[in-house]
Amino acid sequence: MKKVVLASASPRRKELLLKFNIEPIIIESKIEERISPNETAEQIAMALSFEKANKVAKELKNDEIVIGADTIVVFEDKILGKPKSPEEGMTMLKLLSGKKHEVITGIAIIQANSNKKIIDFEKTVVKFRNLTNEKIKNYINTGEYIDKAGGYAIQGLGGVLVEYIEGCYYNVIGLPIYKLDLLLERHFNLSLL
Ligand SMILES: Cc1cn([C@H]2C[C@H](O)[C@@H](COP(=O)(O)OP(=O)(O)OP(=O)(O)O)O2)c(=O)[nH]c1=O
């Protein structure tokens, strides 16, 4: 397989790629995550994933495949980022309690030093069970909410909060693996299997 560069500091994304037999070179891509009010959530996630991948691709000398991704949580047209405090985490989980929300991941794949690039997104609906204030407080106290869009991690103790999902599980964790394989196959003649 060609050299794959993951333009991400997210340990989840690295672990996911490793699980699917890709050993990525990690290059963190620090961008300012600006959110423009005129864009849809899908457009925002795709634009941010592209910015992350493009920043790294521009610094490379060969024809590496660069992957960038951005995950956002959308509840009733409101974008929920990463909570900056336990209080904000608590407010987010109260909003999500008993309701459905969307997790959207933008994914950008760029071949460095070529004009080959593709940008797409994946959407998963997540239904939360009804949460008591005590349950929310107990979850926030675990600290797991930190660094997670929407303030929870489905792959961890946050799994207790989720009743069901509609769509790709890996998308919620930050990288829709089936779509990555589909895009690699279709546009780069590569595949995970
Ligand atoms: C909803 C949810 C989000 N998350 C995580 C996935 C993403 O890593 C994070 C959203 O932040 P992102 O901005 O997508 O990614 P990141 O800051 O972790 O890494 P980088 O920008 O360097 O690529 O939330 C989970 O791990 N589990 C979940 O259930």
Side-chain angles (χ1 to χ4, degrees), residues 1-74 77 79-82 101-126 147-150 153-155 165 167-193:
M1 182 117 185
K2 257 191 170 0
K3 280 221 169 89
V4 171
V5 175
L6 180 62
S8 172
S10 161
R12 272 93 42 185
R13 296 200 175 103
K14 181 185 171 194
E15 276 160 29
L16 269 180
L17 287 182
L18 286 172
K19 181 177 159 118
F20 290 94
N21 288 334
I22 292 186
E23 213 166 306
I25 299 161
I26 305 292
I27 304 182
E28 194 177 335
S29 184
K30 278 222 167 74
I31 58 154
E32 200 196 320
E33 299 209 1
R34 271 174 285 107
I35 290 180
S36 144
N38 306 322
E39 287 180 332
T40 64
E42 290 84 353
Q43 284 170 332
I44 291 167
M46 286 195 290
L48 294 175
S49 70
F50 177 72
E51 264 191 69
K52 289 181 192 179
N54 196 39
K55 190 169 179 228
V56 169
K58 283 198 296 200
E59 291 160 11
L60 297 171
K61 300 243 156 25
N62 299 310
D63 65 345
E64 296 93 333
I65 300 284
V66 184
I67 300 171
D70 195 81
T71 301
I72 54 179
V73 167
V74 185
D77 292 333
I79 292 179
L80 308 182
K82 299 177 180 179
H101 64 270
E102 293 174 340
V103 180
I104 298 169
T105 297
I107 174 166
I109 310 173
I110 302 176
Q111 182 156 11
N113 298 297
S114 83
N115 47 21
K116 268 176 112 175
K117 56 170 181 264
I118 186 79
I119 313 166
D120 206 337
F121 72 91
E122 184 71 19
K123 190 188 289 190
T124 303
V125 172
V126 179
D147 204 37
K148 313 289 185 323
I154 194 172
Q155 70 273 31
I165 70 170
C168 174
Y169 169 75
Y170 295 112
N171 187 49
V172 184
I173 311 179
L175 199 59
I177 288 295
Y178 96 89
K179 184 150 266 180
L180 173 66
D181 185 57
L182 190 146
L183 296 173
L184 285 173
E185 252 177 358
R186 199 177 279 167
H187 303 278
F188 297 88
N189 214 15
L190 294 169
S191 74
L192 303 183
L193 271 181

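The figures that follow rest on heavy atoms only: side chains count, while hydrogens, waters and symmetry mates do not.
- Proximity of Y169 to T124: side-chain heavy atoms (C-beta onward) are nowhere separated by under 4.5 Å.
- Going from atom CG of L17 over to atom CD1 of I177 covers 5.5 Å, rounded to the nearest 0.5 Å.
- In this structure, the separation between CD1 on I67 and CD1 on I22 is 5.5 Å, given to the nearest 0.5 Å.
- Among pairs with a residue in residues 9-29, those fulfilling salt bridge (charged side-chain N to carboxylate O under 4.0 Å, His left out) read R12-D147, E28-K30, at least two apart in sequence or across chains.
- Separating the CZ atom in F20 from the CG atom in D181 is a distance of 10.0 Å, to the nearest 0.5 Å.
- Across every non-hydrogen atom of T71 and G174, the tightest pair is OG1-CA, 3.2 Å.
- A distance-only check finds no donor-acceptor pair linking the side chain of D120 to the backbone of I107 [under 3.5 Å].
- Residue V66 comes nearest to A53 through the heavy atom pair CG1-O, 3.6 Å, listed as atom of the first residue, atom of the second, then distance.
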Stepwise side-chain contact (heavy atoms from CB on, under 4.5 Å) test for V126 and V172: CA-CA 9 Å; V126 179; V172 184; 4.2 Å; yes
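- Within the model, atoms CD1 of I118 and CD of Q111 stand 13.0 Å from one another, a figure rounded to the nearest 0.5 Å.
- Considering every non-hydrogen atom in both A112 and A57, the closest pair reads CB-O, 3.9 Å.
- Inter-residue side-chain proximity for V73 and I79 is flagged as unmet; no heavy-atom pair is nearer than 4.5 Å.
- S29 contributes atom OG, which lies 7.5 Å from atom CD of E59 (distance to the nearest 0.5 angstrom).
- A 4.5 Å side-chain heavy-atom check between V5 and I65 finds every atom pair outside the cut-off.
- How far CD of Q43 is from CG of N38: 9.5 Å, rounded to the nearest 0.5 Å.
- Around atom NZ of K58, no more than 12 heavy atoms belonging to other residues, nucleotides or ligands sit under 6.0 Å away.
- Among all heavy-atom pairs drawn from A149 and I72, the shortest one is CB-CA, 4.5 Å.
- For D70 and S49, the side-chain atoms include no donor-acceptor pair closer than 3.5 Å.
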Derivation of the side-chain contact (heavy atoms from CB on, under 4.5 Å) call for L192 and L184: CA-CA 8 Å; L192 303 183; L184 285 173; 4.2 Å; yes
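- Side-chain contact check for L6 versus I25: every heavy-atom pair is 4.5 Å or farther apart.
- For K179 (side chain) and F121 (main-chain N/O), a donor-acceptor pair under 3.5 Å exists by modelled atom type.
- Proximity of I109 to H187: side-chain heavy atoms (C-beta onward) are nowhere separated by under 4.5 Å.
- Every residue meeting the side-chain contact (heavy atoms from CB on, under 4.5 Å) condition with L182, not counting sequence neighbours, appears here in chain and number order: Y178, R186.
- T105 contributes a side-chain N or O that, together with a main-chain N or O of N171, makes up a donor-acceptor pair within less than 3.5 Å.
- Using a 4.0 Å cut-off between a side-chain N of Lys or Arg and a carboxylate O of Asp or Glu, E64 and K3 do not qualify as a salt bridge.
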